[in-house]
Each structure stands twice: as structure tokens, then as C-alpha cells.
Amino acid sequence: MTSDYEKGVEELKSKIKSFPDFPKKGILFWDIFSALSDGNTCRLLQNLLVQTVRDRYPDVEAIVGLESRGFLFSFSLAAELGLGCIPVRKKGKLPGDIVSYKYDLEYGSDILEIQNTVRPGLKCLIVDDLIATGGSLNAAVHLLKTCGANIAGCLAVIELVSLKGRSNIPDGINVHSLIKYD
Ligand SMILES: O=P(O)(O)OC[C@H]1O[C@H](OP(=O)(O)OP(=O)(O)O)[C@H](O)[C@@H]1O
Ligand SMILES: Nc1ncnc2[nH]cnc12
């Protein structure tokens, strides 16, 4: 029997549009914002994410969001669950003592940074809108490990399975996505 959770995921999936050849020829771009212009879909997605964290990562202490689309979900989850919200940002945007990691993307490369103020042992869940090559989540895992954090796992709304992003994320890190595309 299909659960309400699974029905919700199917409904969400039906709202997400894809755009061929964006931002470069050969890339099929999955646009989370196409779903979020509708208020009911915002609430549906928030409820699905909250339920996922409660069920799969019940003892997490902080939500780590990746710039920029990951921020949509890290703050709303942290606020709803009463947890800390920690940003991982692109180079040069965060003040203070910074840890950096360079990585490759599906289209290009980038440097991600975190403030070196994460309490060692803090149990963190990393969230993002989408897993493509897994390079961004892998970078966030490395940044948090450098800070001494305890990583509960990675959670994404969308996973592009054919790009095998999971294989880029270190063994032993739990990875979960709501929607999978081939
Ligand atoms: O699994 P990967 O190959 O690392 O790709 C996934 C990442 O790429 C996109 O971010 P992007 O860097 O395009 O930034 P944006 O969120 O600011 O659009 C997306 O939001 C993920 O963070
Ligand atoms: N194919 C894709 N669609 C949307 N966001 C992405 N980030 C990296 N690859 C992407």
C-alpha cells in the first residue's frame, strides 16, 4: 500500500520542471523553484523534509545548508525543529576563521567554506536541493570533518542517480534523497 509520505513525494515530483541545455549545452537542469512558486507545494515539501529528519535523523543537533539553494531548506528545517542552522558558502562570503575546500561540479568547479566555529562532536545533517556529481556534499563532509563535527548524514530533495554522486561521498555517510531521476 502506498503511504501518505510516498504519495506526497509523487505529488512533489510532478511539480518539478526540467530545462534542457541550461546553464550549458548538454545539461538537463532540474529546477526546484518551479515547484516552490505554489504555496501548497512549499508546505508539502517542508512537511516531507521535517518527517524525513524526524524519522531518519532523530538525534541531529544542527542543519548545515549549502549555498544557495540548500539554504531554502536548512533554515526552514532548523527553525521548525529548533536546531542550529550552519551555512556552507562559496568562497569569500563568510567572515572570521574559515576552512576551505575546492571541488568539481557537474558544470565547472568551486570552493566552499565554513566558519571554524562548529563545536567538535556536534551532530550535523547536511541538506541541499540536489545531488549531481556529489562534489558539493563531499566538500561539505570534508569541511565538517575538519571542524571535528559528527556527521549524521546528507539529505537532498533530488538525486540524479546516473551521475553516481553517492560514490563521491565518503563511505559510512548516510545519504538520503526524496526524489530520484535516472
Ligand atoms: O552534486 P554536485 O555536482 O555538487 O551538484 C549539486 C550542487 O549544484 C547546485 O548548486 P550550484 O553550485 O549550482 O549553486 P546554486 O545553489 O547557488 O545554484 C545544487 O544546488 C547543488 O548544491
Ligand atoms: N542538472 C542539474 N540541475 C539542477 N541543479 C544542478 N546542480 C548541478 N547539476 C544540476
Side-chain angles (χ1 to χ4, degrees), residues 9 12-38 41-42 45-46 48-49 52-53 57 62-78 85-94 98-115 118 124-147 149 151-182:
V9 168
L12 175 65
K13 192 170 185 176
S14 72
K15 310 278 180 180
I16 298 173
K17 291 188 190 151
S18 61
F19 293 83
D21 297 326
F22 183 88
K24 290 184 179 169
K25 201 163 173 48
I27 300 291
L28 181 61
F29 187 85
W30 293 93
D31 179 30
I32 193 80
F33 287 115
S34 57
L36 301 185
S37 59
D38 170 59
T41 312
C42 285
L45 176 50
Q46 167 75 347
L48 289 169
L49 289 172
T52 304
V53 176
Y57 310 100
I63 308 288
V64 175
L66 272 55
E67 182 173 356
S68 56
R69 284 173 266 165
F71 290 171
L72 293 166
F73 311 114
S74 58
F75 177 75
S76 64
L77 271 172
C85 178
I86 298 173
V88 165
R89 297 209 66 180
K90 291 172 185 169
K91 187 176 167 57
K93 306 263 185 89
L94 289 170
I98 297 299
V99 182
S100 299
Y101 190 89
K102 185 164 192 279
Y103 68 109
D104 292 322
L105 285 166
E106 190 185 6
Y107 37 85
S109 75
D110 225 327
I111 294 175
L112 284 180
E113 298 185 332
I114 196 168
Q115 284 166 316
V118 178
C124 295
L125 175 66
I126 306 166
V127 300
D128 207 355
D129 67 319
L130 180 141
I131 307 173
T133 65
S136 306
L137 286 176
N138 179 52
V141 167
H142 281 277
L143 291 172
L144 284 168
K145 281 191 172 167
T146 304
C147 295
I151 301 163
C154 297
L155 172 61
V157 180
I158 299 169
E159 178 176 0
L160 307 184
V161 178
S162 60
L163 295 177
K164 299 188 167 61
R166 279 171 188 260
S167 64
N168 249 331
I169 298 167
D171 285 348
I173 301 288
N174 176 296
V175 180
H176 183 72
S177 56
L178 299 187
I179 295 172
K180 294 172 177 59
Y181 295 110
D182 290 335

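Just so you know, ligand 1 is whichever comes first in the structure, and atom 1 is the first atom listed for that ligand.
Going from atom CG of L143 over to atom CD of Q115 covers 12.0 Å, rounded to the nearest 0.5 Å. The line from CG of L155 to NE2 of H176 is 6.5 Å long, rounded to the nearest 0.5 Å.
Between D129 and ligand 2, a contact under 3.5 Å exists for no N or O pair.
Of all protein heavy atoms, the one closest to atom 6 (C) of ligand 2 is L130 CD2, 3.4 Å. The protein atom (non-hydrogen) at minimum distance from atom 4 (C) of ligand 2 is W30 O, 3.2 Å. Nearest protein heavy-atom neighbour of atom 8 (C) of ligand 2: E106 OE1, 3.5 Å.
For ligand 2 and A132, the ligand atoms under 4.0 Å from any heavy atom of the residue are 8 (C), 9 (N). Those atoms of ligand 2 with a heavy atom of R69 less than 4.0 angstrom away are 4 (C), 5 (N).
Contacts between L28 and ligand 2 below 4.0 angstrom, taking non-hydrogen atoms only, involve the backbone exclusively.
In this structure, ligand 1 sits under 4.0 Å from heavy atoms belonging to E67, S68, R69, K90, L105, E106, Y107, D128, D129, L130, I131, A132, T133, G134, G135, S136.
Counting only heavy atoms from C-beta outward, the side chains of L137 and L66 approach each other to under 4.5 Å.
Sorted by first and then second residue, the pairs that involve residues 154-170 and meet side chain to side chain donor-acceptor pair (under 3.5 Å), not counting sequence neighbours, are E159-R166, E159-S177.
The aromatic rings of Y101 and H142 lie parallel to each other, their planes meeting at an angle below 30°, with 60° marking the opposite boundary.
Here the shortest heavy-atom pairing between C154 and I173 reads SG-CG2, 3.9 Å. Taking both residues in full, the closest heavy atoms of K13 and K180 are given as NZ-O, 3.4 Å, listed atom of the first, atom of the second, then distance. The shortest heavy-atom contact between Y57 and V175 is OH-C, 4.4 Å. Nearest heavy-atom pair, C124 versus V64, reported as atom, atom and distance to 0.1 Å: CB-CG2, 3.9 Å.
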